[in-house]
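So that the names make sense, note that chain A is the first sequence line, chain B the second, and so on, each numbered from 1.
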Amino acid sequence: MRSLTGLPFQRTHWEALKRIPKGKVTTYGDLAAYLGTKAVRAVGTAVGRNPHALEVPFHRVVRSDGRVGSYSGEGGVRGKIALLASEGVQVRRGRVVDFPEKRHRFV
DNA sequence: AACTTGACAGCAG
DNA sequence: GCTGCTGCCAAGT
């Protein structure tokens, strides 16, 4: 399906990603909900195949339970954790510390 | 047009 | 708390 703006699903959520403030994170589920879809898996697929990992903060997307999930960029999950840490989001044993607090809500 | 893949979520054991 | 199975939807082949 075509998303809200008419752009391919794979692209629309990138715009939403840019709204996430530094030091905060969001989940694939929230992202999907914000876009008006239940395709959380499709979101994950789209994010994972994105070609603009340096333009959009894809590393700020984590799983609903607070785990970092995976990462296709440099260093894999490790690199993702490092990036989050540099923004003030601490990760312990693969989970975001104080996840409910760090979690950004789309409005 | 059909089948397979996947940076997930939620529930059961 | 952890491992495993099922359901979801879009993209790519």
Check: Just how far is it from atom CD of Gln90(A) to atom CG of Asp98(A), taken to the nearest 0.5 Å?
Finding: 8.5 Å
Item checked: Hydrophobic cluster partners of Leu83(A) (side-chain heavy atoms under 4.5 Å) -> Tyr71(A)
Next item on the list: Could you tell me whether the phosphate oxygens of dC9(C), OP1 or OP2, come under 4.0 Å of any side-chain nitrogen or oxygen in Thr37(A)?
Entry: no
Next item on the list: Could you say whether Arg63(A) or Thr45(A) is positioned toward the 5' end of DNA chain B, judged by the nucleotide with the nearest heavy atom to each?
Entry: Thr45(A)
Check: What is the pairing partner of dG12(C), taking Watson-Crick or G-U wobble pairs with both distances under 3.5 Å in any strand?
Finding: dC3(B)
Next item on the list: Could you verify whether a donor N or O on one side chain and an acceptor N or O on the other, from Arg19(A) and Tyr34(A), lie under 3.5 Å apart?
Entry: yes
Check: Asp65(A) near the nucleic acid: base, sugar-phosphate alone, or nothing, with a heavy-atom cut-off under 4.0 Å?
Finding: nothing
Checklist line | Interatomic distance, Leu17(A) CG vs dA7(B) C1' [rounded to whole Å] | finding: 11 Å
Note to self: Whether Arg60(A) and Glu87(A) form a salt bridge (side-chain N of Lys/Arg under 4.0 Å from carboxylate O of Asp/Glu) is what I want to check.
What the structure shows: yes
Check: Which part of the nucleic acid, if any, lies within contact of Ala39(A), taking any heavy atom under 4.0 Å across all strands shown: a base, the sugar-phosphate backbone alone, or nothing?
Finding: sugar-phosphate
Check: Atom OH of Tyr28(A) to atom C1' of dG10(B): distance rounded to whole Å?
Finding: 17 Å
Notebook entry, point to check: What does Val61(A) touch in the nucleic acid at a heavy-atom separation under 4.0 angstrom: a base, only the sugar-phosphate, or nothing?
Noted result: nothing
Notebook entry, point to check: Please give, in whole Å, the distance from dA7(B) P to Leu84(A) CG?
Noted result: 18 Å
Next item on the list: Report yes if a side-chain nitrogen or oxygen of Arg67(A) is closer than 4.0 Å to either non-bridging phosphate oxygen (OP1 or OP2) of dC2(C); otherwise report no.
Entry: yes
Next item on the list: In plain terms, say whether Asp65(A) and Arg95(A) are close enough for a salt bridge, that is, a side-chain N and a carboxylate O under 4.0 Å apart.
Entry: no
Checklist line | Out of dA9(B), dC9(C), dA7(B), whichever nucleotide has its closest atom nearest the side chain of Phe58(A) | finding: dA7(B)
Margin query: From the set dC9(C), dA7(B), dC2(C), return the single nucleotide nearest to any side-chain atom of Arg95(A).
Written below: dC2(C)
Checklist line | Distance in angstrom units between Arg93(A) CZ and dC2(C) C1', rounded | finding: 14 Å
Checklist line | Trp14(A) CH2 to dA7(B) C1', straight-line distance once rounded to whole Å | finding: 14 Å
Next item on the list: Specify the separation, in whole Å, of atom CG of Leu35(A) and atom C1' of dC8(B).
Entry: 14 Å
Notebook entry, point to check: Considering heavy-atom distances to DNA chain C, does Lys38(A) or Arg49(A) have its closest nucleotide positioned more toward the 5' end?
Noted result: Lys38(A)
